[in-house]
Structures are given as structure tokens and as C-alpha cells.
Amino acid sequence: MTSFINALPGALSQGLIWGIMAIGLYITYRLLDIADLTVDGSFCTGGAVCVMLILGGCNVWVAIVVALIAGMIAGLVTGVLHTACGIPAILSGILTQLALWSGNLAIMGMRANQTLNVNKYSVLVSMRYLSDVVKGKQPFYMYPIFTVAVGTVLIIAALYWFFGTELGSSLRATGANPNMARAQGINTNKNKVLGLMLSNGLVALSGALLTQYQGFADINMGRGAIVIGLAAVIIGEVVFGKLFKNFALKLLAISFGAIIYYVVIQAVISLSGINSNYLKLLSAVIVALFLSVPYWKNKWFAKPVKKGGMSRA
Amino acid sequence: MLEIKNISKTFNAGTINEKTALNNVSLTLNDGDFVTVIGGNGAGKSTLLNAIAGTWMVDEGSIEIDGINITKLPEHKRAQYIGRVFQDPMMGTAATMQIEENLALAKRRGKKRTLKAGITPAEREEYKQALKTLDLGLEERLTAKVGLLSGGQRQALTLLMAALQKPKLLLLDEHTAALDPKTAAKVLATTEKIVTRDNLTTVMITHNMKDAIAHGNRLIMMYEGQIVVDISGEEKKNLTVEYLLQLFEKASGQALASDRMLLS
């Protein structure tokens with residue numbers, strides 16, 4: 001139990017960082033209705049770009065921005081494969097993800113991982129700061145939970161503004177009903193590309209933060225990212241769906257969903273002593289269950305329609 | 001206004017499912033024309049509308065609106081000239097978005113979509129007034145999700161959206177066919193009201209011969225991808241269902257087989 005409590009701040013920080021990734025995923029999965037598998041690759045791209053730039057002497061903020069841009073380029077590639085080349089969205093994502101395996105290795109100088117020593121380089125978030133702030137070696141605002149929470153709120157605010165603009169609304173319409181969107185003069189292909197770019201930009205940003213936090217980038221760090229992201233989106237919706245109707249609150253719910261996910265995973269590790277190699281299996285089972293529940297509910301527990309029926313006029 | 005010259009469209013060319021949906025069709029519409037289109041299943045009515053709207057490109061021929069050649073324009077670019085209402089009430093609106101958001105999207109048809117606010121307070125007032133003309137009480141439900149509306153309400157809203165930014169051409173693809181008779185009549189009355197008010201050039205497909213006769217100033221009948229009957233002016237005013245059936249038999253060399261057209 002104490003090991004679980006000790007690990008809690010770490011789980012919260014990680015959950016918040018992955019929450020940004022999940023918010024990015026929400027743009028494609030919920031708003032555009034595309035299951036975008038690019039994220040498994042672009043998450044690592046963000047980490048790889050960030051670590052290499054910081055090791056090269058780059059300012060941490062610049063590194064984060066360039067990581068975000070790199071993610072957007074990955075999204076652009078998937079978008080072009082899907083819209084201009086007519087490849088189904090899911091396959092376009094898989095292709096980009098596969099290509100990024102090589103791309104990410106190339107970025108990291110053909111090595112499978114790169115470490116970032118927090119003693120030598122200044123970073124925005126680090127696992128180390130969890131204890132440093134408690135000991136008073138760092139000011140309070142360097143506490144990772146605080147830093148990432150502020151970042152998350154800023155990102156949600158920016159997205160809330162964007163999806164309320166003419167362009168953002170047209171992007172939501174593209175996902176809600178492409179026929180209607182085109183009939184209203186909306187270039188649905190352009191919007192899909194834009195959405196994929198925005199989404200993967202956030203995913204890479206999240207990867208960049210995680211790399212700094214854990215102090216290394218690894219070629220496998222994005223594996224299964226889409227499942228974790230989906231878990232966060234779905235847990236957020238299931239737990240807070242009734243409460244949070246506003247768009248900004250819905251995004252916040254995803255961040256909370258990611259936190260819940262990491263706390264639960266941490267609890268499972270700390271309390272059951274399960275071999276952490278089983279975590280991916282566990283994640284897959286959790287997500288499969290959460291995705292099945294709404295379907296089962298409809299199939300077996302749907303309320304019967306009253307005789308005579310409702311007027312549909 | 002609308003100038004269609006010799007357009008043809010064949011689906012699944014070269015396969016066993018080859019189907020010539022449009023066969024060298026030409027049609028000229030004048031400003032303010034309200035044309036009703038009838039014909040059996042597979043006659044090419046919807047194909048004609050989709051060709052004009054740009055759902056896909058035609059194989060041959062050209063389409064002009066007000067002297068602008070739109071033959072090669074993609075669907076979303078043609079939308080600046082064309083308002084549409086579909087047969088399926090689900091197709092014309094975004095179910096997960098609010099009524100006012102749908103209207104705001106329609107208000108910006110043909111305009112560049114920028115980073116300005118997607119909807120302004122002044123617009124809301126305008127939409128309230130516009131919704132009042134529908135007489136469905138929707139003006140009190142601006143922020144309700146469109147998915148909560150009935151099929152008839154959605155068609156009426158789609159109609160309003162199509163006319164919100166006055167289109168050069170309004171295309172109605174059997175927009176009352178999926179509704180019950182009472183609702184269909186109401187939506188049709190709204191159609192007549194909006195078309196007359198804005199003097200819109202309109203093409204309306206219908207399966208209902210009586211509706212086709214009662215509305216518009218011109219009627220065309222399609223058969224196997226061609227326009228076989230084209231009636232306007234006084235002749236149109238004096239049309240009867242019996243006479244239409246005779247015309248069809250003469251043009252096609254067979255009795256009209258569609259029960260749906262006879263019974264409605």
C-alpha cells in the first residue's frame with residue numbers, strides 16, 4: 001500500500017502527460033470519426049525530436065515546438081495518403097506509423113533509445129522534480145503535476161477557442177456529416193488533413209513531455225499509444241459524461257480519464273505485484289471491455305418501445 | 001441560368017453492372033424557373049441532380065450556371081451557387097451539432113472559413129426570425145442538437161439552411177419522400193413559401209404526380225437516362241394525372257409500372 005501511495009504523484013504526472021496525447025486522439029477519433037493509428041509512431045517522433053534537439057544544445061521550449069511541428073508533418077502524411085491517394089484512413093495511419101519506425105530511429109541517430117540527463121540539461125518536466133520540489137531544491141511551479149496541469153488547461157483553452165471558430169466548426173461538421181459539409185461548401189478533404197495534423201501535433205507534444213519526464217526516448221515508447229488514448233477518452237466519457245456537457249469540460253474529462261487509467265494501472269502494479277510485461281494485455285482488455293459495454297447495453301438492456309410507438313413526424 | 005449540354009454518365013463502365021444513368025441530357029432553365037421532375041425508379045432523376053451538384057464528375061457534356069462553367073468544379077466549390085435538400089432527412093444536417101451551429105455553417109456557404117467566431121450574437125437573432133417562419137417552434141430550441149429533431153423538422157431545417165445564403169439554384173431530391181403524408185405536405189408548403197419569397201430557381205424531384213403538377217411552372221419526365229417529356233406554361237397549368245400517364249406511355253412505349261407513382 002505504501003508503495004502505491006509513494007508512486008501516486010508519478011502516476012498522476014504520467015496520466016496528465018498522456019492526457020494531452022488522448023486529447024489529440026479525441027480530435028480524430030470523436031470529432032473526425034477516424035481511428036488514426038499514426039499516433040503510435042508520432043508519439044515517439046515527438047520524443048525523439050525533443051531529446052535530440054536538447055542534446056544538441058537547443059532550448060527546451062524550441063525543442064517542444066519543433067516536436068509539435070514534426071508531429072503535424074506526420075499527420076500531414078497520413079492525411080495526404082488518405083485524401084489525395086484514396087487510401088482508407090486506418091491503413092493510411094498504419095503506413096505512416098510503419099514508416100515512422102525507421103524515421104524515428106534515424107532521428108535518434110540510428111539508436112533504439114537516447115537518454116537525457118536531467119543534471120546536465122534543463123528540461124520543463126522531470127520525474128526528478130517530484131522529489132526536488134518537496135525537498136525545496138526547486139520552486140513549487142516546477143512540480144510536474146502543476147506544470148503539466150497548467151499546460152493541459154492552456155491546450156484545452158486553445159482548442160475550445162479553435163473549435164468555436166468558422167474553421168473549427170467546419171472541421172466538426174466534416175466529422176459529423178461529410179455530405180452535409182460538402183453541400184455547405186466545406187472542403188472535407190482539407191479539413192481531414194488539418195484535423196490529423198492538429199491531432200498528431202498534440203500527440204508529439206505529449207511524447208516530447210514524456211521523454212523529458214522519464215529522461216529518455218525509446219523507439220517503443222509509442223507502442224499501443226492509441227489504446228491508452230482510447231482508454232482515456234472512453235473512461236473520461238463513461239465517468240464524467242453525465243456531468244460534463246460543455247466542449248471544454250469534455251476535453252478536461254479526457255485528461256481525467258488518462259489520470260484514472262494511470263492510477264488504476266499503478267494500483268494493479270503496486271498491489272498485485274503483476275509482471276509489468278502483462279500491462280499491455282491488461283490495457284487491451286480494459287479498452288475492449290469499455291468499448292463493449294455500450295454495445296451490450298443497447299442489445300440486451302434497451303428499453304422496449306411502447307406499443308403504438310412514438311410519432312416520428 | 002442553368003445550362004446543361006449533352007451530359008452523359010455511365011456507372012460501372014465495362015462491367016456486367018454497367019448502367020447508363022444519363023444519356024446525352026440537355027436542359028436549360030431560366031431565372032426563377034421551378035421545375036418538377038418525375039420518372040420511375042432508375043430513370044436518372046437523382047443522377048441528374050447529383051451531376052449538377054458535383055457528387056461525381058460527368059463523363060461528357062458541360063454544365064453552366066449563370067455563364068460560369070462548373071463542369072469540373074468539385075462538389076464543395078459548386079456549393080457557393082447551389083442549395084440542396086436530400087431525400088434522407090439525416091443527410092442534410094449535422095446531428096451532433098446544435099440547430100444554430102448548423103445554420104451558421106449554412107450561412108457561410110461559399111465563403112472562406114476563417115478564425116473568426118463561428119457564430120455571432122447578431123446571427124442568433126437572425127436565425128430566430130428565420131426559424132419562426134417554419135412555424136415548428138424551433139426558434140426556442142436554438143442550442144438543441146439537431147439529432148433530437150424529427151425527420152420532418154430536419155427536412156424543414158435543411159430547407160431553411162439551403163436558402164439562408166440565397167443560392168442561384170435550389171436542388172430538392174425527393175425531399176418529402178421519407179416523411180409521412182401530413183408532414184410531407186407541410187414541408188412542401190414551406191418549400192413553396194421559401195421558393196416564392198426568394199424567387200429561387202428550383203429543381204424538385206418527386207414521386208408524387210399530383211405534387212409535380214401542383215407545384216412549379218415546368219415539369220419534366222425522365223425515362224432511361226433521358227428527358228422524355230418537357231411541359232411548361234399554360235400546358236403545365238392544365239395538366240392532369242391521366243394525361244401525364246398517356247404522355248409517359250407514348251414516350252416510353254409501355255405502361256407506367258411504378259405503383260408508387262400511381263398510388264401516391
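These figures come from a predicted structure and were not determined experimentally. Convention: sequence-line order gives letters A, B, ...; per-chain numbering from 1.
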For this session: Between chain B and each of A:G185, A:G175, A:G168, count heavy-atom pairs under 4.5 Å; write down the option with the most.
Result: A:G185

For this session: Below 4.5 Å from any heavy atom of chain A, which atoms of B:T114 appear? Answer side chain, backbone, both or neither.
Result: both

For this session: Compare every heavy atom of A:A183 with every heavy atom of B:R109, then report the nearest pair and how far apart it is.
Result: CD-O, 3.3 Å

Seminar exercise, completed: Honestly, the part of B:K112 sitting under 4.5 Å from a heavy atom of chain A is backbone

Exercise. Is there side-chain contact between B:H76 and A:K190, with heavy atoms separated by less than 4.5 Å?
Worked result: no

Exercise. Is A:E166 reaching over with its side chain to a backbone N or O of B:K116, donor-acceptor style, under 3.5 angstrom?
Worked result: no

Seminar exercise, completed: Here the pair of heavy atoms bringing B:A94 nearest to A:N177 is CA-CB, 4.1 Å

For this session: Rounded to the nearest 0.5 Å, what's the gap from CZ on B:R84 to CD on A:Q184? Could you check?
Result: 9.5 Å

Problem set entry | Heavy-atom pairs under 4.5 Å with chain A, option from B:L179, B:L105, B:N102 with the top count | B:L105

Exercise. At their closest point, which heavy atom of B:R113 faces which heavy atom of A:S170, and how far apart are they?
Worked result: CD-CB, 3.5 Å

Seminar exercise, completed: Between B:M97 and A:S169, the two heavy atoms sitting closest are CE-O, 3.7 Å

Exercise. Using non-hydrogen atoms only, which part of A:F162 is less than 4.5 Å away from chain B: side chain, backbone, both, or neither?
Worked result: side chain

Exercise. Roughly how far apart are A:L167 CG and B:R108 CZ, rounded to 0.5 Å?
Worked result: 12.0 Å

Problem set entry | Crowding at CZ, A:F240 (>12 non-hydrogen neighbours, <6.0 Å) | yes

Problem set entry | Contact class of B:A53 relative to chain A, heavy atoms under 4.5 angstrom | neither

Problem set entry | Most chain A-contacting option - heavy-atom pairs closer than 4.5 Å, from B:T93, B:T55, B:T96 | B:T93

Exercise. Among B:A79, B:A184, B:G118, which has the most heavy-atom pairs under 4.5 Å with chain A?
Worked result: B:G118

Exercise. Would you call A:R172 and B:E101 a salt bridge, taking side-chain N to carboxylate O under 4.0 Å as the test?
Worked result: yes

Exercise. Which region of B:M91, side chain (C-beta onward) or backbone (N, CA, C, O), has a non-hydrogen atom less than 4.5 Å from a non-hydrogen atom of chain A, or is it both or neither?
Worked result: both

Exercise. Is chain A contacted by the side chain of B:L115, its backbone, both, or neither, given a heavy-atom distance below 4.5 Å?
Worked result: both

